[in-house]
Amino acid sequence: MKFCVLTLFPRMIEQGMSESIPGRARRQGLIELQTVDIRDYTEDRHRRVDDYTYGGGAGMLIQAQPVYDAYQAATKECDKKPRTIYVTPQGRVFDQKLALELSKEKELVFLCGHYEGVDERVLEEIVTDRISIGDYVLTGGELPALVIMDAVSRLVPGVLHNEESAETETFDDDLLEYPQYTRPECWHGKSVPQVLLSGDHCKINAWRLEEAKERTRAQRPDLYAAYEYRQEVIRWLSRQKRLHIHMMELLKRNLGRVLAFDPKDGALLEENTGVIMLTCTSAEAGERLLTASGMDFTGCLFCVCQEEIIPVLRGRFQTTQARGCYQAYYTRGVPLPVRKDLDIRRLDESYAEEIFAEYHELVTLDELRGHLARGDLYGAFVKKDIAFDRENAGYELAGFIGTHSEGALGMLQVRPRFRRRGIAAALEAYMINEALKRGEIPFGHIFEGNEASLHLQRKLGLNVTDVCLWWVW
Ligand code: ADE
């Protein structure tokens, strides 16, 4: 992730991004920071960048020209226009969801205003997003830019050392975090709640959930209402768990939102990158849900649970392709055995072409790059046979697996030379074990007719549904 900040106070930005976790991430090369001093681009002899506002009023405004020239200089090497954020109290209020969205960009440009603001004309030309960090007014945009960069940085893969801590925290599922305690066991006469000393993780998790709910109910009734609504939909979906595993996991993992729900008709969900998921009690019920959402789904990718809704989608949104998938899911909760002879690890963007050469069905090279940047793909490496390859000793990528944006395991491929050695099973077992650590139910979708994959799922102990769900586009 690269941040570029256009500012009148570059030292403030440099300092704020030099300490603690963002500082470490910069030193590790996981995030890059460029600051551009707007004043270096003024054409004024006295290095002024501001002037009076037309129409009168108190205060000064930053002029268009130095901002525009600073922006041009900073972005001249970008292949596409980067997302450019003007931090302003007049913007969309920043939250965790927006942090997650921004963390998926390769580059972010920030423009920090001062005085009364910036000439509107340059904002119209360069800015893609206006973001506020809350309903109060600061003296400038540097602190808001630092706030946003901090929240985004910790979501960049590899920045937080304990990967889990990025995922099980406040706001993750509309709940505030539960209270936490460390040593000593008793302080100022207050003891740590007994349950936390019990070692019973089921009880501990139940206690934490109750505390988180209680806190949220008291402090943030708005968040609590959203949580309750989501739970209601999950409860409804769980009446047909096998059919709805993917939709339940989408909501539980906070990978999407509810667009429409009616216990008589069904549920319509939108995954964060735009995949639409639908389950309905009849084709008419499905139509009602689509209409109730008030959205136009032309060009969308759908995942639907009932075949009878496909003609409706064809009629309304000109979808033409449909493919049936079986759903495989692992509900045993017991980790699978791991193989010690394989080195399985996360793949970075340098593997994009190598992977695309093996795996290019229904995915573009750019989409693969996006998956790699988000840390979605893992590779299995085997030691090279030195007898045959003296020049290139070391490890070689034998196969890979990933997680699709809606949470399904997939993209599993083993290179032809390495097949029939159990590498696919080892990769999938690895992903299942990682998902179990996060408290998820691992699942995947297998196209009708892919007997090899169906066989693998059963061998690993996954259940496979006997009816299909449908991907339609
Ligand atoms: N600039 C001044 N105040 C701000 C705020 N609350 N959010 C974003 N930018 C700002």
Side-chain angles (χ1 to χ4, degrees), residues 1-22 31 33-42 48-68 70-71 74-75 81-105 107-156 170-171 176 219-220 222-223:
M1 163 70 75
K2 180 178 174 194
F3 298 120
C4 172
V5 186
L6 313 180
T7 170
L8 291 171
F9 300 96
R11 275 188 308 160
M12 214 170 148
I13 299 290
E14 285 287 346
Q15 256 170 19
M17 291 293 285
S18 297
E19 301 285 336
S20 183
I21 291 172
I31 55 179
L33 174 71
Q34 179 191 6
T35 53
V36 179
D37 190 340
I38 298 170
R39 210 177 288 281
D40 287 345
Y41 292 87
T42 176
R48 273 185 56 179
V49 291
D50 58 326
D51 212 329
Y52 294 100
T53 35
Y54 279 113
M60 311 286 275
L61 220 52
I62 302 183
Q63 293 167 293
Q65 173 272 318
V67 171
Y68 189 70
Y71 173 81
T75 59
K81 185 176 160 67
R83 234 164 135 172
T84 302
I85 297 162
Y86 176 47
V87 277
T88 163
Q90 280 92 43
R92 163 181 173 188
V93 178
F94 187 60
D95 61 12
Q96 192 63 20
K97 192 160 182 251
L98 186 50
L100 191 63
E101 185 187 316
L102 296 176
S103 73
K104 296 183 176 150
E105 297 290 326
E107 179 160 14
L108 293 173
V109 177
F110 290 87
L111 170 61
C112 305
H114 257 270
Y115 316 114
E116 281 305 295
V118 179
D119 189 310
E120 190 64 26
R121 291 167 295 185
V122 68
L123 298 180
E124 282 166 8
E125 289 202 17
I126 69 170
V127 167
T128 57
D129 299 73
R130 295 176 191 228
I131 301 180
S132 161
I133 62 160
D135 291 340
Y136 43 82
V137 181
L138 299 165
T139 56
E142 284 71 20
L143 288 173
L146 284 168
V147 165
I148 297 169
M149 286 190 286
D150 187 287
V152 169
S153 297
R154 63 187 288 290
L155 299 174
V156 170
T170 304
F171 301 119
L176 303 179
Q219 310 275 355
R220 292 289 303 271
D222 56 327
L223 280 186

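Whatever order the structure lists them in is the order used to number ligands and atoms, beginning at 1.
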Need the ligand 1 atom indices (1-based, order shown) with element for anything under 4.0 Å from a heavy-atom of [X].
X      : result
Val87  : 8 (C), 9 (N)
Ile131 : 8 (C)
Gly134 : 6 (N)
Tyr136 : 3 (N), 5 (C), 6 (N)

Checklist entry - Any heavy atom of Cys112 sitting closer than 4.0 Å to ligand 1? => result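 No heavy atom of Cys112 comes that close to ligand 1.
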
What residue and heavy atom of the protein are closest to [atom], and at what distance?
atom                   : result
atom 9 (N) of ligand 1 : Thr88 N, 3.1 Å
atom 3 (N) of ligand 1 : Leu138 N, 3.0 Å
atom 1 (N) of ligand 1 : Pro89 CD, 3.6 Å

Pairwise side-chain contact, [X] with [Y], heavy-atom cut-off 4.5 Å (strictly under):
X      : Y     : answer
Met12  : Thr7  : no
Met149 : Leu33 : yes
Cys4   : Thr75 : no
Val67  : Tyr86 : no
Leu123 : Thr88 : no

Item to check | Salt-bridge criterion met for Arg92 and Asp129 (N-O under 4.0 Å) | outcome: no

Item to check | Side chain, backbone, both or neither: the part of Pro144 lying under 4.0 Å from ligand 1 by heavy atom | outcome: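 The answer is the side chain.
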
Checklist entry - Counting only heavy atoms, which portion of Ile133 has something under 4.0 Å from ligand 1: side chain, backbone, both, or neither? => result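 Answer for Ile133: both.
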
Checklist entry - Does NZ in Lys97 sit with more than 12 non-hydrogen atoms of other residues, nucleotides or ligands closer than 6.0 Å? => result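 Result for NZ/Lys97: open.
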
